[in-house]
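Worth saying up front: this structure is predicted, and the values here are computed from it rather than measured. Order of listing sets the numbers, starting from 1, for every ligand and every atom in it.
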Amino acid sequence: MAKEQRTIFIIFGGSGDLAHRKLYPALFKLYVKGYLQDHFAVIGTARRPWSHEYFRQTVMESIGADIGDQEKISSFAQHFYYQAHDVNDANHYVALKKLAAQLSQQYQTGANQIFYMAVAPRFFGTVASHINSEGLLTAQGYNRLVIEKPFGRDLKSATELNSSIAATFQENQIYRIDHYLGKEMVQALPLLRFTNPILEAVWNKNYLSNVQITLAETLGVGERAGYYETAGALRDMIQNHALQILGLVAMEKPQEFSSAAVHQEKSRLFAQLPTYSPEQVAVNFVRGQYGADHKGNQLAYRQADNVADDSPIETFVAGKILIDNPRWQGVPFYVRSGKRLCQKTTRIDLVFKTTANKIFSQAQLQEVATQPVILSIFVEPTQGLSLALNGTNPGMALRPFMHTLDFWQSQEEMSNSQEAYEKLLIDIIHGDQTNFTNWQEQEHTWRFIDQIRQYWDQNVPQFPNYYSNSFGPKASNELLARDGNEWVWSNEFGQ
Ligand code: NAD
């Protein structure tokens, strides 16, 4: 049984999709494991006038029967309270403060409070400033703010948002969620890099030819079209998830594995993201938007509800990033993310340089070329590692043949592993900010993303330019081909 933690969660947007799909099941798992026992309470706030009882009912329904028995779910739900709330109404914060104080007494939570913003981003600043002005922060316990993505839509709006929350919360109280940082294999990256000399020694420009980060989805935009039309893949996936993964792959070794040291190294790395002229953006970043599939079974993005017939919004991005520092000079990092691709996968592929083959003649190798060594790290849906090495097959003399050394997490282990939100909530109640993004990282990554966005906004794209159920637009493959490289995850030209 885990050590019990005392706290109150105040969830703004307690009736919403995120709260029901992710937060309540994750909190329940913390309850089953003992992180939460008797001394916790959850206040859900939203606009509708619900009773505590009705709210508890919705919470119980959000927890699948597969993760707990009914009795446990029901005792968990007794810790939940509801407060009807309009984010703009100061009186509602006063009522909330009163309820939190009462529950703090009742559950002996040590006046610890976690404020969770599960509302639309335009409310983040308003809620934070009312928390301050109506005096919701407690002096005795801790006060932590959890903030969901998106953190702004460009550097300007992110800076404004940050100023509005920084007026109430210190940086060491702010937990900016990037749920990719809660995924097992992403969290494993520092361990993998810095505890295996066999990897640490070659993790640099001397041995690596290029690094590829792919976040591919099979789903289309679904019901999120309203939001997506204002965002696009560059903001939705690259600024945060893809670059955060890049940060962990490319940062220098931190002095110790602490939140401060990891953030320092990631921030330093992000400060080195390149500055691109418009011409360089055009060369180094490509965008796409999905059309229907070859068979016409899946609709094009522009045919989805709430999407403009001539929408210029990208559902696919691929880009080349060069980091000009001693470790990475000349090694392209290729990032890619797209919707409606042919497979759901998040993976990192490290492609090694081919050594100049000095000692074997072509005849000795039976005219078969050796291949680059590739280390692939699979983040989801499967979790594992695969190292492809040159070898031979028995009886084939020196004829080169790729062998892969694989490690796959079993289905059973994967189903026992903690979901991202569960891990991140544990970190929040422990006060560990390592797996969250800090302001400097946001600032640098937005500065980088803005230059691409600005160029794209001034140039009308030719969309759609790839079929649903493909590998994305041709231009994505051409981006690598120009450097003599190719995507590891790809075996045909999608269009
Ligand atoms: P949602 O629309 O399902 O829920 C929004 C919540 O805000 C509801 O509880 C609603 O009652 C409340 N609300 C709306 N207007 C309000 C007002 N004026 N005063 C008080 N409460 C108000 O949204 P969601 O999908 O749960 O997303 C919540 C946040 O989480 C957003 O910032 C979103 O970007 C982020 N997010 C969501 C997901 C997801 O999977 N749903 C994933 C990543 C990030």
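- With hydrogens left out, the protein atom closest to atom 7 (O) of ligand 1 is V119 CG1, 3.4 Å, a heavy atom.
- For atom 6 (C) of ligand 1, the nearest protein heavy atom (residue, atom name, distance) is G13 CA, 3.5 Å.
- Looking only at heavy atoms of the protein, atom 33 (C) of ligand 1 is closest to K149 O, 3.7 Å.
- Remark: minimum distance from atom 20 (C) of ligand 1 to any protein heavy atom is reached at H85 O, 3.2 Å.
- Counting protein heavy atoms only, atom 41 (N) of ligand 1 is closest to D17 OD2, 2.7 Å.
- Cation-pi geometry between R302 and Y290 is not met: the NZ or CZ atom fails to fall both under 6.0 Å from the ring centre and inside 45° of the normal.
- From the protein, the heavy atom lying nearest to atom 10 (C) of ligand 1 is S15 OG, 3.9 Å.
- Taking the six-membered ring where the residue is Trp, F55 and Y82 present tilted rings, their angle falling between 30° and 60°.
- Set against the non-hydrogen atoms of P121, the atoms of ligand 1 under 4.0 Å away are 32 (O).
- Taking all heavy atoms of A19, A46, A231, G16 into account, the minimum distance to atom 4 (O) of ligand 1 is reached by G16.
- Looking from atom 44 (C) of ligand 1 to the surrounding protein, the closest heavy atom is E148 OE1, 3.2 Å.
- The residue among L18, N240, I11 with a heavy atom at the shortest distance from atom 42 (C) of ligand 1 is L18.
- The distance from ligand 1 to the heavy atoms of R21 drops below 4.0 Å at these ligand atoms: 39 (C), 40 (O), 41 (N).
- The six-membered or imidazole ring of F316 lies near that of Y466, with a centre-to-centre distance under 6.0 Å.
- Under the 6.0 Å distance and 45° angle rule, R144 counts as a cation-pi partner of Y142.
- Counting only heavy atoms of the protein, atom 5 (C) of ligand 1 lies nearest to A118 O, 3.9 Å.
- The N/O atoms of T45, backbone and side chain alike, include none that comes under 3.5 Å of an N/O atom in ligand 1.
- Ion pair E171/R176 flagged as a salt bridge, since at least one NZ, NE, NH1 or NH2 atom sits closer than 4.0 Å to an Asp/Glu carboxylate oxygen.
- Within ligand 1, the atoms closer than 4.0 Å to a non-hydrogen atom of P150 are 34 (O), numbered from 1 in the order shown.
- For W408 and F378, the gap between ring centers is short of 6.0 Å.
- With F28 as the partner, the ring-ring contact (aromatic ring centres under 6.0 Å, His included) test is satisfied by one option alone out of Y421, F76, Y35: F76.
- The aromatic ring centres of Y31 and F40 sit less than 6.0 Å apart.
- Residue A120 has no nitrogen or oxygen atom sitting less than 3.5 Å from a nitrogen or oxygen atom of ligand 1, judged on distance alone.
- Scanning H92, R122, H20, R47 for the heavy atom closest to atom 21 (N) of ligand 1 points to R47.
- Between Y24 and F80, the distance from one ring center to the other falls under 6.0 angstrom.
- Under the 6.0 Å cut-off for aromatic ring centres, Y180 and H241 qualify, their centroids lying closer than that.
- The shortest heavy-atom distance from F124 to ligand 1 is under 4.0 Å.
- Heavy-atom separations between F123 and ligand 1 include at least one value shorter than 4.0 Å.
- A donor-acceptor pair under 3.5 Å is formed between the side chain of Q289 and the backbone N or O of S311.
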